[in-house]
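What you see below is based on every heavy atom in this structure, not just the backbone, and it leaves out hydrogens, waters and symmetry mates. Please read all numbers here as calculations on a predicted model, not as lab measurements. Atoms within a ligand are numbered from 1 in the order they appear, just like the ligands themselves.
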Amino acid sequence: MIEVYHVTKKYGSFKAVDDLSLTAANGRITILLGPNGAGKSTTIKSIAGLLKFDGKILIDGFANQSIEAKRRFGYIPETPVLYDQLTMEEHIRFISRAYKAPQGEERAQALLNRLELADKTKKTARELSKGMSQKLSMVLALLADPDSILIDEPMIGLDPAAIETVLQLLKELRDQGKSILISTHIIDMFESLWDEAYILHQGKIVRQVRCEELGEQSLKEIFFDCTQGEQG
Ligand SMILES: Nc1ncnc2c1ncn2[C@@H]1O[C@H](COP(=O)(O)OP(=O)(O)OP(=O)(O)O)[C@@H](O)[C@H]1O
């Protein structure tokens with residue numbers, strides 16, 4: 001479970017995230033929606049422990065900067081962070097050991113098969129396409145079987161078949177009881193998937209919507225109402 005309490009992040013004097021609170025519960029897919037520049041990546045990076053901020057963030061009850069928290073979440077950044085000279089299999093071995101995940105390589109193999117990467121494991125990161133890098137980044141984030149998963153714009157660079165696989169994978173992870181927090185501005189992609197949505201505008205949460213409470217209005221319509229017609 002991911003709990004964010006009153007987080008404010010400033011770049012200089014500019015508040016990119018302003019007093020933001022949200023919860024990503026176990027067994028639910030929570031999406032953080034917002035137009036470009038709303039503060040989504042800043043929020044996700046703050047939760048992942050990459051940025052300093054004011055406020056409090058807990059992962060399964062542990063402060064997000066703590067080692068206990070870091071063992072419990074997997075982070076898939078918007079732009080994959082890989083080691084140019086290492087092959088896919090070297091990445092997998094390295095991350096499995098770093099996370100002391102004995103089943104890591106086995107889990108990675110199953111994910112590589114599903115993402116159609118199994119025949120690419122000898123390639124170095126430098127030789128991977130954008131989509132392949134994104135898929136490898138997902139495999140690495142999931143190989144230690146984290147309880148919470150943080151994903152920043154997961155579908156960027158993926159082809160339609162990979163998008164279907166990732167959507168299916170996310171459903172399975174939800175059904176296993178994981179908490180999943182996804183930041184995106186592409187509402188259509190997650191139409192069939194989300195349980196909880198937070199709409200972010202100019203650094204503030206302007207609306208929280210539960211899928212089961214959705215009335216006549218679609219999430220997209222609510223999004224446009226809240227963000228005054230900005231692109232979604
Ligand atoms: N390192 C930085 N220094 C200064 N300002 C920044 C920095 N990173 C982000 N910002 C600003 O903070 C605001 C939020 O940016 P952020 O990247 O979190 O938005 P986003 O919702 O993820 O946008 P997008 O959908 O375009 O990726 C923007 O106004 C951006 O210009």
Side-chain angles (χ1 to χ4, degrees), residues 2-24 29-59 64-65 69-70 73-82 129-131 133-138 141 148-159 162-163 166-167 170 179-191 193-209 218-232:
I2 300 167
E3 295 164 276
V4 176
Y5 297 106
H6 304 292
V7 164
T8 295
K9 171 65 192 173
K10 286 186 185 170
Y11 295 113
S13 60
F14 172 70
K15 273 187 195 171
V17 171
D18 188 1
D19 195 27
L20 181 149
S21 298
L22 64 79
T23 302
I29 292 179
T30 304
I31 53 174
L32 183 61
L33 286 174
N36 292 133
K40 302 180 297 296
S41 291
T42 302
T43 303
I44 297 285
K45 284 183 194 159
S46 299
I47 298 171
L50 302 177
L51 296 176
K52 287 190 176 163
F53 57 86
D54 293 323
K56 185 164 81 169
I57 299 178
L58 302 177
I59 312 274
N64 73 321
Q65 304 276 1
K70 288 184 175 161
F73 74 82
Y75 167 51
I76 304 168
E78 187 172 10
T79 308
V81 181
L82 301 170
S129 70
K130 191 174 171 195
S133 299
Q134 181 69 347
K135 290 179 192 177
L136 175 59
S137 174
M138 283 187 190
S148 295
I149 299 155
L150 277 174
I151 321 179
D152 201 354
E153 297 288 3
M155 305 308 191
I156 289 185
L158 297 186
D159 63 35
I163 289 173
V166 171
L167 290 173
L170 290 171
S179 55
I180 301 172
L181 178 62
I182 301 171
S183 103
T184 188
H185 59 275
I186 312 172
I187 303 173
D188 294 342
M189 196 78 81
F190 296 96
E191 194 102 61
L193 200 69
W194 65 283
D195 299 299
E196 201 87 42
Y198 288 87
I199 300 176
L200 187 61
H201 185 47
Q202 296 174 348
K204 287 179 186 286
I205 298 288
V206 290
R207 188 80 183 262
Q208 177 181 0
V209 191
S218 70
L219 183 58
K220 202 167 186 173
E221 287 165 341
I222 296 172
F223 176 86
F224 281 122
D225 276 358
C226 294
T227 57
Q228 294 156 350
E230 286 181 38
Q231 279 276 302

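- Of all protein heavy atoms, the one lying nearest to atom 6 (C) of ligand 1 is Tyr11 CD1, 3.2 Å.
- Protein non-hydrogen atoms do reach within 4.0 Å of atom 14 (C) of ligand 1.
- Among Gly37, Gly12, Pro35, the residue whose heavy atom lies nearest to atom 23 (O) of ligand 1 is Gly37.
- Under the 4.5 Å side-chain criterion, counting only non-hydrogen atoms from C-beta, His185 is not in contact with Pro35.
- With sequence neighbours left out, the side-chain contact (heavy atoms from CB on, under 4.5 Å) criterion links Ala48 to Leu50, Phe73, Tyr75, Leu150.
- Distance check: Leu32 CG to Tyr198 OH gives 9.5 Å after rounding to the nearest 0.5 Å.
- Scanning the protein for heavy atoms near atom 19 (O) of ligand 1, the closest one is Gly39 N, 3.3 Å.
- Not one N or O on the side chain of Lys10 forms a donor-acceptor pair closer than 3.5 Å with the backbone of Ala16.
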- request: Apply side chain to side chain donor-acceptor pair (under 3.5 Å) to the pair Asp54 and Thr8, showing each step before the final yes or no.
  value: CA-CA 5 Å; Asp54 293 323; Thr8 295; 6.0 Å; no
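- Under a 4.0 Å criterion applied to the non-hydrogen atoms of Asn36, ligand 1 contributes the atoms 23 (O), 24 (P), 25 (O), 26 (O).
- In this structure, CG on Asp152 lies 8.0 Å from NZ on Lys40, to the nearest 0.5 angstrom.
- Of the possible polar contacts, none joining the Asp18 side chain to the Lys204 backbone as a donor-acceptor pair under 3.5 Å is found.
- When the options Lys40, Lys45, His185 are ranked by their closest heavy atom to atom 21 (O) of ligand 1, first place goes to Lys40.
- Counting atoms of ligand 1 from 1 in the listed order, those under 4.0 Å from a heavy atom of Ser41 are 17 (O), 18 (O), 20 (P), 22 (O).
- For atom 31 (O) of ligand 1, the protein comes within 4.0 Å by no heavy atom at all.
- Met189 pairs by the side-chain contact (heavy atoms from CB on, under 4.5 Å) definition with Met155, Ile163, Ile186, not counting sequence neighbours.
- Counting atoms of ligand 1 from 1 in the listed order, those under 4.0 Å from a heavy atom of Phe14 are 11 (C), 12 (O), 13 (C), 29 (O).
- Residue Ala16 approaches ligand 1 through these ligand atoms, each under 4.0 Å from one of its heavy atoms: 12 (O), 13 (C).
- Of the protein's non-hydrogen atoms, the one nearest atom 16 (P) of ligand 1 is Thr42 OG1, 3.6 Å.
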